[in-house]
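Just so it is clear, the structure is predicted and the values come from calculations on it, not from any experiment.
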Amino acid sequence: MAKITASVYTSHVPAIGAAIDTGKTTDPYWVPLFKGYEPSKSWMEASKPDVICLVYNDHATAFSLEMIPTFAIGCAAEFKPADEGYGPRPVPTVIGHPELASHIAQSVIQDDFDLTIVNKMDVDHGLTVPLNLLCGSPEAWPCPVIPFAVNVVQYPVPSGQRCFNLGKAIRKAIESYDEPLKVQIWGTGGMSHQLQGPRAGLINREWDNAWLDKLIADPAAAAAVPHIEYVREAGSEGIELVMWLIARGAMDDVAGGPAPTVAHRFYHVPASNTGVGHLILENKQ
């Protein structure tokens with residue numbers, strides 16, 4: 001049977017992708033950030049997942065405010081880099097895993113979560129920047145990736161509890177797949193940031209790190225955080241953190257297993273007026 005071996009959490013700041021694409025990773029501004037991900041690259045090379053289920057939000061490329069699903073799963077064989085207004089990023093095409101994706105969709109929908117099935121879409125920086133941060137800039141990504149898009153752009157957005165429960169359903173689906181795959185689930189977005197209005201540029205280090213503590217030690221409490229707290233403490237775009245709860249809900253301890261091991265934790269500001277958080281949790285084998 002397939003097994004979730006680890007969960008990965010990271011911000012997906014578009015400026016990080018721009019720094020990679022334009023060769024600025026060694027600029028003094030960016031060095032501390034990329035240094036924080038060096039242990040993660042080594043970990044990724046050693047962990048060798050068979051599939052990554054990557055939770056992210058689309059930024060008006062595959063979807064728009066004319067039509068935006070709350071939860072969508074990519075079931076295609078491949079997903080090309082999106083043109084976000086300045087041409088597609090120079091990164092590899094994402095190879096999907098249609099068989100596992102379709103199995104997850106079947107199982108999760110039968111568990112009463114309404115997923116939108118997407119058989120063709122391009123993927124933007126929300127998905128490709130996390131891959132860069134842990135995999136570098138290879139000619140091909142190291143394994144298939146199942147895109148899992150969540151609406152955190154147009155209100156109403158799903159609650160943290162709903163996302164956490166969806167993670168539980170995804171874990172159940174993956175563990176019922178009849179093939180011995182090592183699967184990682186990634187939650188991306190956040191941390192504290194606000195892009196507009198009088199509080200534009202808001203970063204809340206203390207709240208970000210307290211939330212990371214809670215995510216590790218008491219995920220049920222993290223799932224109970226209401227929308228208004230994210231907006232008040234982490235800015236209007238801080239709501240992206242509910243996507244991390246999908247990944248956390250899929251870990252063994254949530255289903256009564258042992259607590260995960262913290263393989264790496266990192267936090268850095270600023271990165272284009274955003275608090276960058278990163279965490280790797282491993283299930284005990």
Answer yes if the side chains of [X] and [Y] hold a donor-acceptor pair under 3.5 Å, and no otherwise.
{"X": "Gln184", "Y": "Ser47", "answer": "yes"}
{"X": "Tyr267", "Y": "Asn209", "answer": "no"}
{"X": "Ser192", "Y": "Asp208", "answer": "yes"}
{"X": "Glu84", "Y": "His59", "answer": "no"}
{"X": "Asp50", "Y": "His97", "answer": "no"}

Side chain to side chain, [X] and [Y], heavy atoms closer than 4.5 Å:
{"X": "Val8", "Y": "Leu279", "answer": "no"}
{"X": "Glu78", "Y": "Val94", "answer": "no"}
{"X": "Pro81", "Y": "Thr93", "answer": "yes"}
{"X": "Ile104", "Y": "Ile73", "answer": "yes"}
{"X": "Asp124", "Y": "Asp58", "answer": "yes"}
{"X": "Asp21", "Y": "Arg89", "answer": "yes"}
{"X": "Met1", "Y": "Glu175", "answer": "no"}
{"X": "Phe79", "Y": "Lys120", "answer": "no"}

Is it the case that one hydrophobic cluster holds both [X] and [Y], taking links as side-chain heavy atoms less than 4.5 Å apart, direct or via other members?
{"X": "Val129", "Y": "Trp43", "answer": "yes"}
{"X": "Phe63", "Y": "Leu115", "answer": "no"}
{"X": "Leu100", "Y": "Met121", "answer": "no"}
{"X": "Leu202", "Y": "Val269", "answer": "no"}
{"X": "Leu166", "Y": "Leu245", "answer": "yes"}

Looking at [atom1] of [X] and [atom2] of [Y], how far apart are the two atoms once the value is rounded to the nearest 0.5 Å?
{"X": "Ile170", "Y": "Asn165", "atom1": "CD1", "atom2": "CG", "answer": "11.0 Å"}
{"X": "Met243", "Y": "Leu54", "atom1": "CE", "atom2": "CG", "answer": "9.5 Å"}
{"X": "Leu131", "Y": "His125", "atom1": "CG", "atom2": "NE2", "answer": "13.0 Å"}
{"X": "Tyr56", "Y": "Thr188", "atom1": "OH", "atom2": "OG1", "answer": "9.0 Å"}
{"X": "Ile117", "Y": "Cys75", "atom1": "CD1", "atom2": "SG", "answer": "4.5 Å"}
{"X": "Thr61", "Y": "Asp122", "atom1": "OG1", "atom2": "CG", "answer": "7.0 Å"}

Would you call [X] and [Y] a salt bridge, using N to O less than 4.0 angstrom?
{"X": "Asp213", "Y": "Arg265", "answer": "yes"}
{"X": "Glu38", "Y": "Lys41", "answer": "yes"}
{"X": "Asp253", "Y": "Arg248", "answer": "yes"}

Gln196 atom CD, neighbour heavy-atom count above 12 within 6.0 Å: yes
Over 12 non-hydrogen atoms of neighbours within 6.0 angstrom of NZ in Lys80: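 No.
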Close aromatic pair by centroid cut-off 6.0 Å: Phe164 and Trp244: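 Centroid separation for Phe164 and Trp244: 6.0 Å or greater.
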Backbone N or O of [Y] within a donor-acceptor pair of the [X] side chain at under 3.5 Å?
{"X": "Lys24", "Y": "Trp30", "value": "no"}
{"X": "Ser107", "Y": "His103", "value": "no"}
{"X": "Glu240", "Y": "Gly189", "value": "no"}
{"X": "Thr274", "Y": "Val276", "value": "no"}
{"X": "Ser102", "Y": "Glu99", "value": "no"}
{"X": "Glu237", "Y": "Leu195", "value": "yes"}
{"X": "Thr22", "Y": "Ala18", "value": "yes"}
{"X": "Asn151", "Y": "Gln154", "value": "yes"}

Intermediate values then yes/no, side-chain hydrogen bond (donor to acceptor under 3.5 Å, both in side chains), Trp211 and Glu233: CA-CA 11 Å; Trp211 194 87; Glu233 301 294 341; over 6 Å; no
Grab the two heavy atoms, one from [X] and one from [Y], that are nearest each other, plus how far apart they are.
{"X": "Arg162", "Y": "Asp112", "value": "NH2-O, 3.6 Å"}
{"X": "Trp141", "Y": "Thr128", "value": "CH2-O, 4.3 Å"}
{"X": "Ser236", "Y": "Arg199", "value": "N-NH2, 4.5 Å"}
{"X": "Tyr9", "Y": "His278", "value": "O-ND1, 2.8 Å"}
{"X": "Cys163", "Y": "Phe71", "value": "SG-CE2, 4.2 Å"}
{"X": "Ser11", "Y": "Gly275", "value": "OG-O, 3.5 Å"}

side-chain contact (heavy atoms from CB on, under 4.5 Å) assessment of Val91 paired with Asn132: CA-CA 8 Å; Val91 296; Asn132 279 134; 3.8 Å; yes
side-chain hydrogen bond (donor to acceptor under 3.5 Å, both in side chains) between His12 and Asn57, intermediate numbers included: CA-CA 10 Å; His12 59 215; Asn57 65 291; 3.2 Å; yes
Test side-chain contact (heavy atoms from CB on, under 4.5 Å) applied to Tyr155 and Ile239, step by step: CA-CA 11 Å; Tyr155 275 82; Ile239 194 65; 3.9 Å; yes
Mutual orientation of the aromatic rings belonging to His268 and Phe266 [parallel < 30°, tilted 30-60°, perpendicular > 60°]: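 Answer is parallel, since the angle falls under 30°.
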With Asp252, the salt bridge (Lys or Arg N to Asp or Glu O under 4.0 Å) member among Lys284, Lys3, Lys168: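 Per the salt bridge (Lys or Arg N to Asp or Glu O under 4.0 Å) rule, the option paired with Asp252 is Lys3, out of Lys284, Lys3, Lys168.
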Step-by-step side-chain contact (heavy atoms from CB on, under 4.5 Å) determination, Leu281 to Thr261: CA-CA 6 Å; Leu281 299 180; Thr261 299; over 6 Å; no
Val262/Ile280 under side-chain contact (heavy atoms from CB on, under 4.5 Å): CA gap, chis, key distance, verdict: CA-CA 6 Å; Val262 178; Ile280 298 174; over 6 Å; no
